Participant: 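Here's a structure for you.
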Amino acid sequence: MKIFLPDNSIIELDEGSTARDAAAAIGKGLAKAAVAAAVDGHQADLSKPLRDGDSISIITADSPEGLEIMRHSASHVLASAVLDIYPGAQLGIGPAISDGFYYDFLLPAPISESDLPRIEERMRDIAKARAPFQHRRLSRDEARRLFEDQPFKLELIEELPEDEEISVYTDLKFTDLCRGPHVPDTGRVTAFKLLSVAGAYWRGDENNPMLTRIYGTAFPSQKELGEHLERLKEAERRDHRLLGRQLDLFHIDEEVGAGLPLWHPKGALIRKIIEDFWRDAHLGSGYEMVMIPHIASVDLWKTSGHWDFYRENMYSPMDIEGQQFIVKPMNCPGHIKIYKSRTRSYRELPIRWAELGTVYRFERSGVLHGLLRVRGFTQDDAHLFVRPDQIQEEIIGIIKFVLYMLRIFGFKEYEVYLSTRPEKSVGDDAHWEQATEALRVALEEVGLDYEIDPGEGVFYGPKIDMKIKDALGRAWQCTTIQVDFNLPERFDVTYVGEDNAEHRPIMIHRALLGSLERFIGCLIEHYAGAFPLWLAPVQAVMLPVADRHLQYVEQIATRLGQEGIRVEIDYRKESVGKKIRDAQLEKIPYMLVAGDKEEDAGTISVRLYSDGDVGARPVEELVGDMMREIGEKS
RNA sequence: GCCGGUGUAGCUCAGUUGGCUAGAGCAGCUGAUUUGUAAUCAGCAGGCCACGGGUUCGAAUCCUGUCACCGGCUCCA
C-alpha cells in the first residue's frame, strides 16, 4: 500500500503495516526517536495499523507534540508507581502541562515532598521494565467493571458521549482510562523528576473533595532535564520576594498584616519614578488627574451595586457617628461623583480622568503572594466618559497607550484575553453584546492576538485583560480595559447632547499597569533586580581608592547630582574589591572608581554592573553618556 | 478558604533518641589597616527558638490551637 509522507514523497508498505513500520522504512534513526505518529493529521500510537493512502508524519520527543505525549506517558508511569506503593489510591486525572505533567490522587494517607524520591525510584523501575503501553477499546459496561473501585474514573466514563468509544491503556500492571496516544513503552520515559505535591480540588471545584496532586517534569534527555532544573533555580533567584529583601525595596510585616506591603526608601523611589513617568504620560495623552478619599459612605456602594455584587471582596463597614463607611475596593464611584458635580456637555466628551487610586480588597489568605497578590494596592486607574460614537476610538487609543507603556518597561511578551459576561452580572444583553463587540473590534484593529475567556468579565461589563508572566512563568493580570453601561445608569450619569436632550455616556474603566504593587513585582523579576538606569534607585556609586581621593570623588558626585543623577559615595574604609563586590550585589548600574590616576587626569574609571570594567573617561563624557542612557529609558 | 510543607539572631542555616549557658557564616558595632575592579584582619554585641495552651523532673525538640510564610487548588489588579 502507498503511504504519503510530509514531504509529499510516497513509501510502499506491506498490508497491515503500522506507523512504526513506516518510521522504520523512512530511517532507522527516526524509528528509534519516534514516540507517536500523526495519521491524516490525527495523533496515533506507533502501533496503529495504516491503510492505503494514509498520510503520515512521525512524531519525536523533541517536537512540542512529542514532548507532550511523552509527558503524558510519564504521568501514567507516575500513577503506576503510586498505585504500587499506595494500593488503596484512587485516581483523578493526569495530563501533560506546559512544563511537565501531574497526576491527581486520593491517597489513603497524606504524603509530602519527602515521599517523592521513593515514588520516583519506583517510576525508574517501571521505566526500566520497558513495559509496552497497550491500547484497548472497551464497551461502556466493560469499562465500568474495570474501574469499579475507581469512582473518579467512573464519573469520567459516565460523562463521555454515548457514541464515543472508551479507550484504555495498560502499562506493566496498571490500566488507565485514556484517549492516548502514548509512547510505545515505559522505557521511552527517560529523563524525569517529581517536583512537588499540592492539593487540588477534583475537577477544580472547591465543593469537590481535595485530591493530592503530584507535579513532575520530563524531557527527552537528562541534559535537557538538567537545564530545565537549572532554569527553575535561576527563576528562584529572580523571585521578587527574595530580591525585595536583598535590595531593600519593601517588606511585608506580620504585625502590620498579611498582604499589606511596606515600601522601603529604595522601593518607594522606584515607585515614585514610575508614578512620575505615568502621570506625565497621561497628562500628555489627554488625561486629567483626579483624587478621591479612601473611604466612602455605604450608601455610595449601594448605589454603585458593589454592596450587592462585590461585598465578599470588601471589608466590613466602620461606624462613624452612626453612619456606615467602607474602605474603597474600587475608584469608579468617586470619579462618577466628580462627573456628576455639574452638568456636562457633549462637547466635553470624551472625559479621561486618571488617578493612582489605592484600593483595599479582601483576598483569601491562601492566595496572597508577595507584591503580586495583596490586600491593599494602588491601581493606575482611569475612567473615561464617552459618547457611544467615541467608544471604539477610545478603546483603540487605550490599547495603543498600554502597548507603549509596556514597551517602555521592556515587556515584550504578554497574553491578551477578551472576557465575556459572567453569571453574576447586571445589565441587558444588547449592551453586553455591543460592548463585547467594541472590545473585539479594537483588538482586531490594533492587530493583537487574543483568546476569549468566557464568563470572566466583571459584573458590570466585558473586559480586555493582559497578563504578564513572573519568573516562574505564572501569568498575572495587569492591564484591564472594561466597558461599562451599568454604572452610568445606576448613578444616572448624563450629558447634554447637541439636541439639548440628556444622554447617557458610556464608561470605560482601565488600568494599564494594573496595580503598582503587582506591576513592580513583575518588573523586579523581569529585570532580575538589575533595573535599567532610569529606574535604578541608586544610579551610580562613587568608589574612592583611598581617603585622599574623597574630595575629588565628592566633586564628581556633586556634578552628577546637578544633572539629577542619583549617586552615592562609598565612604567606608574598605578595599576597592569589597566596595565593588557590595555595589555589584546591590546591582548598581554604574560603579565609578577614582584614585591617583583619575584625579591627575581629571577622569573617572567606569565599571558597569552589566559589563564590568570599561575603563576611564572624562567626567563630562560620563555625564553625557549617563544622561543619554537615562533619556532612552533603556 | 482548602491540601501539604515550613517557622531558631536583620539574612542564610546548624542544633543527635527531650538533658549543660541554643551555635556558625554574612550583615551590624568597635579598633587596626589607606587599600586599584566581586569579600583585609581582630574583637564585641545580637535569640520570649512565630505566638498561646498542654505533656514532662526537664521542651527549640513531643501534643494541641492560632498566626504568618512557601508550593498548589479555588478566586482576582
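Chain naming here is simple, since letters A, B, ... match the order of the sequence lines and numbering starts at 1 in each. Keep in mind that this is a model prediction, so the values were computed, not measured.
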Participant: Please say whether the positively charged group of Lys467(A), taken as NZ for Lys or CZ for Arg, lies over the ring of Tyr417(A), i.e. under 6.0 angstrom from the six-membered ring centre and within 45 degrees of the axis.
Facilitator: yes

Participant: Any base atoms under 4.0 Å from Val545(A), or only sugar-phosphate, or nothing? Heavy atoms, all strands.
Facilitator: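 Since a base atom lies under 4.0 Å of Val545(A), the category is base.
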
Participant: Heavy atoms only, 4.0 Å cut-off, all strands: where does Gly577(A) land among base, sugar-phosphate and nothing?
Facilitator: sugar-phosphate

Participant: Does the C76(B) base have a donor-acceptor partner in the side chain of Arg375(A) within less than 3.5 Å?
Facilitator: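 Check fails, no donor-acceptor contact within cut-off.
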
Participant: Nearest whole angstrom, please: distance from the C1' of C75(B) to the CH2 of Trp476(A).
Facilitator: 11 Å

Participant: Checking all strands, does Ala511(A) fall into the base, sugar-phosphate, or nothing category for heavy-atom contacts under 4.0 angstrom?
Facilitator: nothing

Participant: Rounding to an integer number of angstrom, what distance separates G19(B) and A59(B) when you compare their P atoms?
Facilitator: 11 Å

Participant: Given side-chain hydrogen bond (donor to acceptor under 3.5 Å, both in side chains), test Asp484(A) with Asn486(A) step by step and report yes or no.
Facilitator: CA-CA 5 Å; Asp484(A) 179 8; Asn486(A) 181 251; 5.6 Å; no

Participant: Could you check whether Ser114(A) gets within reach of a base, just the sugar-phosphate, or nothing at all, counting any heavy atom under 4.0 Å?
Facilitator: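 Contact class for Ser114(A): none.
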
Participant: Ring centres within less than 5.5 Å and planes less than 30° apart: is that true of Tyr215(A) and G72(B) in this structure?
Facilitator: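 Not stacked: fails the 5.5 Å / 30° test.
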
Participant: Does a donor on one side chain and an acceptor on the other come within less than 3.5 Å for Tyr609(A) and Glu586(A)?
Facilitator: no

Participant: So, OP1 or OP2 of G71(B): does either fall under 4.0 Å of a side-chain N or O from His369(A)?
Facilitator: yes

Participant: So does Arg581(A) get a side-chain nitrogen or oxygen closer than 4.0 Å to the phosphate oxygens (OP1/OP2) of U37(B)?
Facilitator: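 Checking U37(B) against Arg581(A), no side-chain N or O comes under 4.0 Å of OP1 or OP2.
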
Participant: Please tabulate, one pair per line, each protein N/O and nucleotide N/O from nucleotides 3-5 of chain B that are separated by under 3.5 Å, including the distance.
Facilitator:
residue, atom, partner, partner atom, Å
C3(B), O2, Gly199(A), N, 3.0

Participant: Assess the pair Phe219(A) and His228(A): is the distance between their ring centroids shorter than 6.0 Å?
Facilitator: yes

Participant: Walk me through it: do Thr603(A) and Glu598(A) pass the test side-chain hydrogen bond (donor to acceptor under 3.5 Å, both in side chains)?
Facilitator: CA-CA 5 Å; Thr603(A) 61; Glu598(A) 289 80 5; 5.3 Å; no

Participant: With sugar-phosphate meaning primed atoms plus P, OP1 and OP2, does Asp596(A) contact a base, only sugar-phosphate, or nothing at under 4.0 Å between heavy atoms?
Facilitator: base

Participant: For atom NZ of Lys153(A), is the number of surrounding heavy atoms from other residues, nucleotides or ligands below 6.0 Å larger than 12?
Facilitator: yes

Participant: Checking contacts here: which listed nucleotide (C75(B), U34(B), G36(B)) is nearest the side-chain heavy atoms of Val367(A)?
Facilitator: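 Among the listed nucleotides, the one closest to the side chain of Val367(A) is C75(B).
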
Participant: Does a side-chain N or O of Tyr360(A) approach OP1 or OP2 of C76(B) to a distance below 4.0 Å, or not?
Facilitator: no

Participant: Name the closest nucleotide to the Val576(A) side chain, picking from U40(B), U37(B), A77(B).
Facilitator: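 Nearest to the side chain of Val576(A) among the choices is U37(B).
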
Participant: Applying side-chain hydrogen bond (donor to acceptor under 3.5 Å, both in side chains), run through Ser515(A) and Thr378(A) and close with a yes or a no.
Facilitator: CA-CA 5 Å; Ser515(A) 76; Thr378(A) 301; over 6 Å; no

Participant: Quick one, Phe519(A) with Phe409(A), criterion ring-ring contact (aromatic ring centres under 6.0 Å, His included). Give me CA distance, side-chain angles, the key distance, then yes/no.
Facilitator: CA-CA 10 Å; Phe519(A) 188 76; Phe409(A) 289 103; 5.0 Å; yes

Participant: Please work out if Arg474(A) contacts a base, only the sugar-phosphate, or nothing of the nucleic acid, heavy-atom cut-off 4.0 Å.
Facilitator: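 If one applies the 4.0 Å heavy-atom cut-off, Arg474(A) turns out to touch the sugar-phosphate alone, with no base involved.
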
Participant: Checking contacts here: which listed nucleotide (A77(B), G72(B), U37(B)) is nearest the side-chain heavy atoms of Arg607(A)?
Facilitator: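 Nearest to the side-chain atoms of Arg607(A), counting from C-beta on, is U37(B).
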
Participant: Pick the P atom in A60(B) and in A68(B), then give their distance to the nearest Å.
Facilitator: 25 Å

Participant: May I ask you to decide if the ring planes of Phe362(A) and Tyr315(A) are parallel, tilted or perpendicular, using 30° and 60° as cut-offs?
Facilitator: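 Judged by the thresholds at 30° and 60°, the geometry between Phe362(A) and Tyr315(A) is perpendicular.
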
Participant: Categorize Lys597(A) for me: base, sugar-phosphate, or nothing, with a 4.0 angstrom heavy-atom threshold over every strand shown.
Facilitator: base

Participant: Just do the salt bridge (charged side-chain N to carboxylate O under 4.0 Å, His left out) check on Arg203(A) and Glu159(A) with the steps written out, would you?
Facilitator: CA-CA 13 Å; Arg203(A) 323 205 82 177; Glu159(A) 282 172 25; 2.6 Å; yes

Participant: His282(A): what forms a side chain to side chain contact (heavy atoms under 4.5 Å, CB included) with it, not counting sequence neighbours?
Facilitator: Trp278(A), Tyr287(A), Met289(A), Ala354(A), Phe401(A), Met405(A), Arg510(A), Leu512(A)

Participant: How are the rings of His383(A) and His335(A) set relative to one another: parallel (under 30°), tilted (30 to 60°) or perpendicular (over 60°)?
Facilitator: perpendicular

Participant: Categorize Lys463(A) for me: base, sugar-phosphate, or nothing, with a 4.0 angstrom heavy-atom threshold over every strand shown.
Facilitator: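 Sugar-phosphate, no base atom in range.
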
Participant: Looking at Arg373(A) and C75(B), is any side-chain donor or acceptor paired with a base atom of the opposite kind under 3.5 Å?
Facilitator: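 Side chain to base: pair found, below 3.5 Å.
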
Participant: Which word best sums up how the rings of Tyr310(A) and His306(A) line up, parallel for under 30°, tilted for 30 to 60°, or perpendicular for over 60°?
Facilitator: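 The rings of Tyr310(A) and His306(A) stand perpendicular, inter-plane angle above 60°.
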
Participant: Is there a side-chain contact between Ser196(A) and the phosphate of G72(B), meaning an N or O under 4.0 Å from OP1 or OP2?
Facilitator: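 So the side-chain polar atoms of Ser196(A) never come under 4.0 Å of the phosphate oxygens OP1 or OP2 of G72(B).
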
Participant: Hey, what are the protein-to-nucleotides 24-33 of chain B N/O distances that come in under 3.5 Å?
Facilitator:
residue, atom, partner, partner atom, Å
A27(B), OP1, Lys578(A), NZ, 2.7

Participant: Is Tyr201(A) side chain donor-acceptor paired with the G72(B) base, going by distance under 3.5 Å alone?
Facilitator: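 Checked by distance alone, the answer is no.
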
Participant: Determine the Euclidean distance between corresponding P atoms of A45(B) and G23(B); express it in Å to zero decimal places.
Facilitator: 13 Å

Participant: Is there a salt bridge (charged side-chain N to carboxylate O under 4.0 Å, His left out) between Asp104(A) and Arg213(A)? Walk through the geometry before answering.
Facilitator: CA-CA 4 Å; Asp104(A) 287 345; Arg213(A) 175 171 297 177; 2.7 Å; yes

Participant: Report yes or no: do Thr217(A) and Asp99(A) form a side-chain donor-acceptor pair below 3.5 Å?
Facilitator: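 Side chains of Thr217(A) and Asp99(A): no pair found under 3.5 Å.
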
Participant: Mind checking the P distance from C29(B) to U66(B)? Whole angstroms is fine.
Facilitator: 42 Å

Participant: If you measure from the P atom in U40(B) to the same atom in U21(B), how many Å do you get, rounded?
Facilitator: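 My reading of the P atoms in U40(B) and U21(B) gives 38 Å.
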
Participant: Between Glu312(A) and Gly612(A), which is nearer to the 5' end of RNA chain B once each is assigned its nearest nucleotide?
Facilitator: Gly612(A)

Participant: Which dot-bracket notation, 5' to 3', represents the base pairing of RNA chain B when pairs are defined as Watson-Crick or G-U with both distances under 3.5 Å, crossing pairs as [ ], and inter-strand pairs as |?
Facilitator: (((((((..((((.....[...)))).(((((.......))))).....(((((..]....))))))))))))....

Participant: Fit a plane to each ring of His369(A) and Trp476(A), take the angle between them on a 0 to 90° scale, and name the class: parallel (under 30°), tilted (30 to 60°) or perpendicular (over 60°).
Facilitator: tilted

Participant: Which part of the nucleic acid, if any, lies within reach of Val374(A) when heavy atoms closer than 4.0 Å are counted: base, sugar-phosphate only, or nothing?
Facilitator: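 Since a base atom lies under 4.0 Å of Val374(A), the category is base.
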
Participant: Select base, sugar-phosphate, or nothing to describe what Tyr102(A) touches, counting heavy atoms under 4.0 Å on all strands.
Facilitator: nothing

Participant: Considering every strand and a 4.0 Å limit on heavy-atom distances, what is the contact class for Gln246(A): base, sugar-phosphate, or nothing?
Facilitator: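 Nothing, no nucleic acid heavy atom in range.
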
Participant: Suppose we screen for side-chain hydrogen bond (donor to acceptor under 3.5 Å, both in side chains). Which residues come up paired with His251(A), at least two apart in sequence or across chains?
Facilitator: Asp253(A), His264(A)

Participant: Quick one: which protein N/O atoms are closer than 3.5 Å to N/O atoms of nucleotides 6-16 of chain B? Pair and distance per line, please.
Facilitator:
residue, atom, partner, partner atom, Å
U12(B), OP1, Arg245(A), NH2, 2.9

Participant: Applying a 4.0 Å non-hydrogen cut-off, can you work out what Arg518(A) is touching in the nucleic acid: base, sugar-phosphate, or nothing?
Facilitator: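 Result for Arg518(A) = base.
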
Participant: Using a heavy-atom cut-off of under 4.0 Å over every strand shown, decide if Gly204(A) touches base, sugar-phosphate, or nothing.
Facilitator: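 The answer is sugar-phosphate, as Gly204(A) gets under 4.0 Å only of primed atoms, P, OP1 or OP2.
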
Participant: Could you pick out which residue, Arg548(A) or Gln379(A), lies toward the 5' side of RNA chain B when each is mapped onto its nearest nucleotide?
Facilitator: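 Comparing both residues, the 5'-ward one is Arg548(A).
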
